[in-house]
Amino acid sequence: MDATTSGTETFQFHNIPEQPIAAALVTSPRPAFQRQVRHCFGDLVPGEFPLAANPSIVLHVLTACNLDPQDLAKLEASHFVTLAATCSFFRQPAKFAPDYDLSIAELAALDMCQKRAIFKPMTNDERDDLKQKCGGSWKLVLRYLLAGEACCRREKFQAIAGPGHSVAVTSSGAVYSFGSNSLGQLGHGLNQDGNTADECRPRLIRSLQGIRIIQAAVGAGRTMLISDTGKVYAFGKDLFGEAEHGVQGSRTVHTPQLVESLKDIFVVQAAIGNFFTAVLSREGKVYTFSWGSDERLGHQTNPGDVNPHPLLGPLENIPVVQIAAGYCYLLALACQPSGMSLYSVGCGLGGKLGHGSRSDEKHPRLIEQFQTLNLQPMVVAAGAWHAAVVGNDGRVCTWGWGRYGCLGHGNEDCEHVPKVVEALSGVKAVHVATGDYTTFVVSDNGDVYSFGCGESSSLGHNTGADGQGNRHTNVLKPELVTSLQQVKERVVQISLTNSIFWNAHTFALTETGKLYAFGAGDKGQLGVKLEENQLERGNPGLVDVDLSS
């Protein structure tokens with residue numbers, strides 16, 4: 001449309017006289033730019049908004065942004081470079097509730113702590129005790145809480161691939177179970193005939209209505225669930241840990257029952273080994289059941305003892321954020337003011353304790369190799385006979401029995417101390433999972449790598465044109481699981497069977513709450529219906545359950 005007919009004034013570019021650039025610089029000098037230094041407390045310049053004018057707004061912004069504890073600590077650094085001045089605003093007492101002596105950064109950390117489910121019900125004395133145990137700072141308490149959530153997907157949807165049966169927890173805390181139910185481990189009670197039946201599809205545990213579950217642990221013939229109030233519910237085989245010679249309990253529990261012996265402990269995680277069970281309290285204290293003969297876990301008990309015993313030794317006064325149980329050993333990820341560290345206790349066969357020998361340890365012992373590697377462990381996984389860690393820089397370390405290539409170093413040798421998986425040097429890992437001679441690694445972009453024993457198609461590698469290529473082949477080095485790339489979603493968690501008595505199956509959980517399964521499915525543990533006479537699935541199949549709800 002013509003500008004003249006629209007009534008719009010026409011701007012004539014040719015009316016601007018041409019002027020050489022050099023001449024313009026000479027004839028039209030501009031005043032030099034004066035950088036104005038502004039301080040947090042203001043300098044009385046009209047229109048300026050000094051931070052100190054309303055610190056509650058600053059606190060609201062810091063909290064709403066969910067800053068990391070490290071970021072909050074940087075605000076309190078001696079020189080706040082961004083403002084080009086030495087700034088004491090973030091270090092000085094904020095002078096308002098709930099604690100007038102705390103700085104803005106400390107108050108922001110406390111506010112974010114109060115959003116966590118396990119922190120809310122704590123009394124003031126319990127909070128202060130946790131603060132002192134973490135190092136005397138709310139920023140360190142926040143780091144402790146966040147580390148626990150990241151390690152275990154606490155308070156988020158999750159899926160656990162157990163020995164013969166499976167459990168899935170939704171974001172709202174509802175629980176579905178499926179697979180083998182020979183000992184009541186699915187928690188659905190008895191059917192009309194007074195018997196238990198296997199389930200090949202996810203089935204809601206209705207007796208838990210009104211109870212929000214935030215964590216699950218699955219072992220051979222038993223299940224443990226942890227609520228947001230710290231209560232523990234167990235069902236299946238009635239022993240927490242098998243006795244030394246494999247003697248099982250005399251009865252089974254078919255619906256979730258409150259564990260009375262833990263009623264005075266606020267539990268946030270459970271880990272089930274083959275001879276023992278361990279639980280972690282919200283204060284970071286570890287308790288173990290059974291397998292206390294000969295003080296294998298630092299205490300003397302009878303084989304059938306089902307009372308919790310505190311794990312004695314170096315971890316008595318150091319908060320633990322995650323525990324992981326293997327066949328006959330326990331790993332504990334500890335949170336100290338200086339950073340994260342890993343301890344191990346139990347049977348040292350194959351070098352799986354990571355101390356450079358095959359000796360047993362009756363008390364938790366620090367794995368010192370991580371200091372040599374300059375690596376802070378952030379996520380830990382305990383397989384039956386080997387272990388793996390993801391460091392804060394994304395490196396992956398493995399150690400223990402290397403059978404079938406489960407360590408990813410290109411051979412089947414044992415490693416008695418943690419060793420970096422060099423084949424993953426170009427990958428930044430965020431999650432690791434281990435099973436019986438099998439390891440999975442998830443990268444920050446959602447790619448999944450697996451290596452180790454290929455039995456039951458649980459590695460997910462199907463390279464043949466018909467999808468049957470090398471699905472049972474052992475893999476000595478990490479290989480990209482291309483079958484999971486086909487789901488077109490970012491994977492955030494892998495879970496696989498961790499037992500030497502059952503064929504393995506694997507779960508891949510996406511960021512939107514979709515669950516994919518592959519591997520052994522003879523008991524319905526995949527949650528995906530198989531073809532007639534089919535016992536396993538080589539390619540990931542979508543499980544009919546929405547975990548994001």
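Just so it is clear, the model here is predicted, and its values are computed rather than measured. For the numbers below, each heavy atom of this structure counts, side chains included, while hydrogens, waters and symmetry mates do not.
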(message) Measuring from atom OG1 of T439 to atom CG of L496, what distance do you get when rounded to the nearest 0.5 angstrom?
(response) 8.0 Å
(message) Can you confirm whether the side chains of H409 and T398 place a donor and an acceptor under 3.5 Å from each other?
(response) yes
(message) Please enumerate all residues that pass ring pair (Phe, Tyr, Trp, His ring centres under 6.0 Å) together with Y327, with sequence neighbours excluded.
(response) F275, W385
(request) State, yes or no, whether a side-chain contact exists between E106 and L110 at a heavy-atom distance under 4.5 Å. (result) no
(request) Return yes if some donor-acceptor pair links the side-chain N/O of R143 with the main-chain N/O of Q336 below 3.5 Å, else return no. (result) yes
(request) Over 60° means perpendicular and under 30° means parallel, so classify the ring planes of F518 and F440, tilted if in between. (result) tilted
(request) Kindly give the heavy-atom pair with the smallest separation between L366 and S341, and that separation in Å. (result) CD1-CB, 3.7 Å
(message) Let me confirm one number: the CZ-CD distance from F157 to Q493, rounded to the nearest 0.5 Å.
(response) 9.0 Å
(request) Begin with the C-alpha distance, continue with both residues' side-chain angles, and end with the deciding distance and a verdict on side chain to side chain donor-acceptor pair (under 3.5 Å) for T473 and H461. (result) CA-CA 9 Å; T473 301; H461 299 305; over 6 Å; no
(message) Please evaluate residues H355 and S344 with respect to the criterion side chain to side chain donor-acceptor pair (under 3.5 Å), reporting the C-alpha separation (whole Å), side-chain torsions for both, the decisive distance (0.1 Å), and the verdict.
(response) CA-CA 9 Å; H355 302 304; S344 62; 2.7 Å; yes
(message) Between T497 and H505 (side chain of the first, backbone of the second, donor and acceptor by atom type, cut-off under 3.5 Å), is there such a pair?
(response) yes
(message) Can you confirm whether L130 sits close enough to R127 that some side-chain heavy atom of one is under 4.5 Å from a side-chain heavy atom of the other?
(response) no
(message) Is any side-chain heavy atom of L311 closer than 4.5 Å to one of P364?
(response) yes
(message) Tell me if a side-chain donor or acceptor on W401 pairs with a main-chain N or O of C414 at a distance below 3.5 Å.
(response) no
(message) To the closest 0.5 Å, what do you measure between OG (S137) and NZ (K131)?
(response) 7.0 Å
(message) Return the CD1 to CE distance between I160 and M224, rounded to the nearest 0.5 Å.
(response) 13.0 Å
(request) Determine whether the side chains of N445 and S443 contain a donor N or O and an acceptor N or O closer than 3.5 Å. (result) yes
(request) Would you confirm whether N474, through its side chain, and G454, through its main-chain N or O, come within 3.5 Å as a donor-acceptor pair? (result) yes
(message) Using a 3.5 Å distance criterion without hydrogens, assess whether the side chain of T277 forms a donor-acceptor pair with backbone atoms of F289.
(response) no
(request) State, with a plain yes or no, whether a side-chain heavy atom of T438 is found less than 4.5 Å away from one of Y404. (result) no
(message) Once rounded to the nearest 0.5 Å, what's the spacing between atom OG of S359 and atom CG of L349?
(response) 11.0 Å
(message) Less than 4.5 Å apart, side chain to side chain, heavy atoms only: is that true for L459 and E479?
(response) no
(request) Measure from the side-chain N and O atoms of R153 to the backbone N and O of Q215, and report whether any donor-acceptor pair falls under 3.5 Å. (result) no
(message) Closer than 3.5 angstrom, by distance alone: can the side chain of Q322 be matched with the main-chain N or O of C152 as a donor-acceptor pair?
(response) no
(request) For the pair Q158 (side chain) and I214 (backbone), establish whether a donor and an acceptor sit closer than 3.5 Å, ignoring hydrogens and angles. (result) yes
(message) Could you report the tightest heavy-atom contact between F266 and D228, atom names first, then the distance?
(response) CZ-O, 3.4 Å
Which side-chain N or O atoms in residues 419-433 pair as donor and acceptor under 3.5 Å with protein atoms at least two apart or in another chain?
residue : atom : partner : partner atom : Å
S425    : OG   : E422    : O            : 3.2
H431    : NE2  : I494    : N            : 3.2
H431    : NE2  : I494    : O            : 3.2

(request) Check whether any side-chain heavy atom of T512 lies under 4.5 Å from a side-chain heavy atom of E489, and answer yes or no. (result) yes
(message) Under a 3.5 Å distance rule, please check whether T506 uses its side chain to pair with a backbone N or O of S458 as donor and acceptor.
(response) yes
(request) Tell me yes or no: between the side chains of H309 and T288, is some donor less than 3.5 Å from an acceptor? (result) no
(request) Examine distances only and state if a side-chain atom of Y144 and a backbone atom of G284 form a donor-acceptor pair shorter than 3.5 Å. (result) yes
(request) First locate atom OH of Y516, then atom CG of L484, and finally report the distance between them rounded to the nearest 0.5 Å. (result) 9.5 Å
(request) Test S281 against E283 for side chain to side chain donor-acceptor pair (under 3.5 Å), laying out the working first. (result) CA-CA 5 Å; S281 76; E283 297 81 16; 3.2 Å; yes
(request) Heavy atoms only: give me the nearest Y329-A384 pair and the separation to one decimal. (result) CE2-O, 3.6 Å
